Amino acid sequence: MKNNYDVIVVGGGPGGSMAAWEVAKAGYSVCLLEKDRDIGYPVRCGEAIGEAALRQFVDPKDSWIASEITGTTLVAPDNTSVDIDFAKETGYILNRRIFDYDLSRYAANAGAEVYTKSYVKGLIIEDDFIKGVKLDYLGEPKEIRANIVIGADGLASRIGRAAGIRTQVRMKDMESGLQYSASNVDVPINKMIMYVGSNHAPGGYLWIFPKGNKFANIGIGIDGKASQHKSAKAYLDEFMDANFPNAAILTTMCGGVPCPTPMKSPIKNGLMLVGDAAHLINPVTGGGIAPAMKSGMISGQIASEAIKNNDYSEQFLSKYVKRVFKEFGNNHERLYRIKEVIHKLTDDELNGIAIKVKKIDPLKRSLGSVFKTAVYKKPSLILDVVRIFAGF
Amino acid sequence: MITIKDNRCDFCAACITVCPPDCIEVRESSIKIIEEECIDCDLCVYICPIDVLEQTNEK
């Protein structure tokens, strides 16, 4: 590990690796710091991503893909279920352990230095500019300097907080989440199943994402306030007992699932936050892999431009924010408005929507038609739905 | 006062994210609440997916 780099990236998830890869490709020196012993482990993720979303960055490798998803089943509170085949796009359930590892290798092979067991404790700040990081590397304190630091260190970003950015998420935009990697569960291999309603998952949803060979990610996200009376774990355990009493739970992971609007200003002089750290998560689904990769890539490109221009000011880095909003942040704001409406739907309304959607010809049924039905009381949102789901 | 009930904490940091005064510190395998800064809002208790945090004030 050197004492100086052009760029330091903190966090070895998909956002961090994309950022480091992009900087390395441009020919600048970059180091990627991961606090854990391994890149890609532990996994705290449902591991779902759209095929097209992934392909815009890399050609998917077989080893990354646990299963290919061609449709979804939505289950209403009264257990009415609606099947939807994806017309245009398929999805993947990834093996994040392998996927994250490979992305960091792409960055490394392009010239990025990757260090694990590198725990960043704080920032070096001089004249209001971030100039590097203070870390424990293999247990030894160390300081390394760079004109740009990219914070890809996840929810409740330590980097963001050290820089004085407010990283908290409002309680109403936080879901309490828990997921089991369960084996010996008989579930369809090409279908995601999602349960909604106050009995299944108040203010959120319960998911089954299959990973093949009777293996699946089975998880839940519930409204933070609802979990005051009954925890996410209690809901999920009830579901498991009722539906998969013989499941073996091989991994338990918990976490907050943020569903907020994107951070308005995830930058400071010499700093950009990407992915979860910048609250770039699809507010309806809680999906964050593609937004992390996209913002990571853009941050790497803007970092290279900043180096070229020798300008690391917040004003220059606002180019990063503008591009993020243009490419998907504005869509996240639309999705947030949709989320606000569907979160308020009662069980009766959800049951009614399921019945309505069931009447649509299966060949014409799409996620777009579900959401259009769901927001029918708020016609102003129909346009948002159409804009987002045009391709689905 | 918020008490950490037992050693089941998974260090997922959900509590940090909702804490208004930002007074919870989670490192890889430790969690600490800075008591002087805590405002007893209980949001961390609500959000915890596995019920590790508990409000132990008598109300």
Side-chain angles (χ1 to χ4, degrees), chain A residues 35-37 42 44 117 119-121 136 153-158 160-162 164-180 204 219-237 251-260 276-277 279 281, chain B:
Chain A
K35 70 171 164 39
D36 284 320
R37 198 193 70 177
R44 225 184 267 286
K117 286 206 163 186
Y119 185 82
V120 174
K121 297 179 294 188
D136 282 335
D153 55 339
L155 198 53
S157 160
R158 184 178 305 274
R161 290 155 78 210
I165 294 174
R166 195 168 163 79
T167 58
Q168 280 100 326
V169 177
R170 283 180 302 177
M171 190 67 174
K172 76 185 206 54
D173 293 332
M174 242 343 237
E175 300 262 306
S176 181
L178 183 75
Q179 179 175 271
Y180 295 140
I220 189 171
I222 65 172
D223 183 82
K225 283 265 168 177
S227 77
Q228 178 180 355
H229 309 292
K230 185 172 165 186
S231 68
K233 184 174 190 304
Y235 280 98
L236 189 57
D237 285 343
T251 311
T252 302
M253 64 197 87
C254 63
V257 185
C259 305
D276 280 11
H279 298 171
I281 302 108
Chain B
M1 194 179 108
I2 306 289
T3 311
I4 300 152
K5 270 199 288 196
D6 52 28
N7 58 1
R8 284 179 304 152
C9 178
D10 194 32
F11 314 107
C12 74
C15 51
I16 300 188
T17 316
V18 295
C19 177
D22 197 9
C23 71
I24 308 176
E25 283 290 334
V26 172
R27 272 195 74 151
E28 257 168 83
S29 51
S30 73
I31 172 169
K32 196 175 88 187
I33 292 168
I34 306 162
E35 255 177 62
E36 308 81 70
E37 293 175 22
C38 176
I39 56 170
D40 282 314
C41 68
D42 295 357
L43 293 187
C44 57
V45 179
Y46 303 162
I47 201 76
C48 180
I50 51 176
D51 279 343
V52 169
L53 299 160
E54 188 180 31
Q55 175 58 263
T56 47
N57 274 0
E58 285 181 23
K59 283 193 174 171

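Throughout, protein chains are lettered first and strands after them, A, B, ... in sequence-line order, and every chain is numbered starting at 1. From a predicted model like this one, the values you see are computed outputs, not experimental measurements.
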Could you tell me which non-hydrogen atom of A:R158 sits nearest to which non-hydrogen atom of B:V26, and how far apart they are? NH2-O, 2.9 Å

Kindly say whether B:C19 contributes a backbone atom to a donor-acceptor pair with the side chain of A:Q168 at under 3.5 angstrom? yes

Residue A:K121 excluded, over 12 heavy atoms near NZ under 6.0 Å: yes

Residues A:A156 and B:A13: closest non-hydrogen pair is CB-O, 4.4 Å

Residue from A:K233, A:R44, A:H229 scoring the most non-hydrogen pairs under 4.5 Å with chain B is A:R44

For the CG atom of B:D22 and the OG1 atom of A:T167, what is their distance to the nearest 0.5 Å? 6.0 Å

Winner by heavy-atom pair count (cut-off under 4.5 Å) against chain A, out of B:L43, B:V45, B:I47: B:I47

To the closest 0.5 Å, what do you measure between CD1 (B:I50) and OG (A:S227)? 12.0 Å

Is it the backbone or the side chain of A:T252 that comes under 4.5 Å from a heavy atom of chain B, or both, or neither? backbone

Heavy-atom pair with the smallest gap, counting every atom of A:C254 and B:C12: O-CB, 3.1 Å

State, to 0.1 Å, how close B:A14 and A:G255 come at their nearest heavy-atom pair, and which atoms those are. CB-C, 4.0 Å

